[in-house]
Amino acid sequence: ETGVTQTPRHLVMGMTNKKSLKCEQHLGHNAMYWYKQSAKKPLELMFVYNFKEQTENNSVPSRFSPECPNSSHLFLHLHTLQPEDSALYLCASSQVLDNEQFFGPGTRLTVL
Amino acid sequence: QKEVEQNSGPLSVPEGAIASLNCTYSDRGSQSFFWYRQYSGKSPELIMSIYSNGDKEDGRFTAQLNKASQYVSLLIRDSQPSDSATYLCALRPAVGAGSYQLTFGKGTKLSVIP
């Protein structure tokens, strides 16, 4: 049971494709996050939004482009990805920035 | 550089035993510590948080924090096969810019043998 949903759950794309990942939280939270989880590596924070404003971009390549139209929705737009970008992309939300974070189920991305 | 170190495992314990998961960290100013459980193919789920030295118990789970020695541990009593998962240690640094960011360890895989 989760208040954070993500679509699609699985995505296979070529290096020249453009796709978007979607996250929606139903918890009334104000902060949302994108994380990347690669095999045998720790969860890596990519982007942080607080009240729709981006507060953090952890040196993420420009081929990843986030969008936060409102406090409930978060997108990650993907273009010209590389095979090493294949990973589990997790969305999370929290009431405010320093509160506990709740994760969505993730999107398993494979770049061919 | 903030680092969180965990033994990747797998840690195998028999059903009913106590599982002990350990985590050390490098940032002495870290203030908040969390344990997440992640089942294979699923997302992380927060199971414990601890902010002050000592023990914190919640059901079969006990988190232990020792800031002087810079370690935090998670004990699972009466381990069940359903506890088999990867356990992620995470921390939040001291108050300041970016202090809301969580730094995660790679996780310890726990296997409870029936």
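Residue numbers start from 1 in every chain, and the chains themselves are labelled A, B, ... in the order their sequence lines are given, proteins ahead of strands.
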Check the pair B:L102 / A:L45 against side chain to side chain contact (heavy atoms under 4.5 Å, CB included), numbers first and verdict last. CA-CA 8 Å; B:L102 288 177; A:L45 180 65; over 6 Å; no
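Contacts of A:S94 with chain B are absent, with no heavy-atom separation under 4.5 Å from either backbone or side chain. Heavy atoms closer than 4.5 Å to chain B are found in both the backbone and the side chain of A:Q101. Residue contact with chain B, scored on non-hydrogen atoms closer than 4.5 Å, involves the backbone of A:N99 exclusively. Contacts of A:F102 with chain B are absent, with no heavy-atom separation under 4.5 Å from either backbone or side chain.
Follow the hydrophobic side-chain contacts under 4.5 Å out from A:M46 and you never reach A:Y35; the two are in separate clusters. Both A:W34 and A:L11 are members of a single hydrophobic cluster when ILVMFWY side chains are connected at heavy-atom separations under 4.5 Å. Cluster annotation: B:I50 and B:L75 are assigned to distinct hydrophobic clusters (Ile/Leu/Val/Met/Phe/Trp/Tyr, side-chain heavy-atom contacts under 4.5 Å, transitive). By the rule that hydrophobic residues join a cluster once side-chain heavy atoms approach within less than 4.5 Å of another member, A:Y33 and B:F34 end up as members of one cluster. By the criterion of side-chain heavy atoms lying less than 4.5 angstrom apart, applied directly or through intervening Ile, Leu, Val, Met, Phe, Trp or Tyr residues, A:L90 is grouped together with A:V48 in one hydrophobic cluster.
Crowding of B:K67 atom NZ: a count of heavy atoms from other residues, nucleotides or ligands under 6.0 Å exceeding 12. The environment of NZ in B:K109 is sparse: at most 12 heavy-atom neighbours from other residues, nucleotides or ligands sit within 6.0 Å.
Inter-residue side-chain proximity for A:L43 and B:P44 is flagged as met; some heavy-atom pair is nearer than 4.5 Å. B:F104 is not listed as a side-chain neighbour of A:K41, based on a closest heavy-atom distance of 4.5 Å or more.
Residues meeting the side chain to side chain contact (heavy atoms under 4.5 Å, CB included) test with A:F51, sequence neighbours left out: A:N30.
Between B:R92 and A:L97 the shortest heavy-atom distance is NH2-O, 4.2 Å. For the pair B:Y51 and A:E100, the tightest heavy-atom approach, listed with the atom from each and the gap, is OH-OE2, 4.1 Å.
Remark: A:L88 CG to B:Q38 CD distance equals 7.0 Å, nearest 0.5 Å.
A donor-acceptor pair under 3.5 Å is absent between the side-chain atoms of B:S43 and the main chain of A:G106, judged by distance alone.
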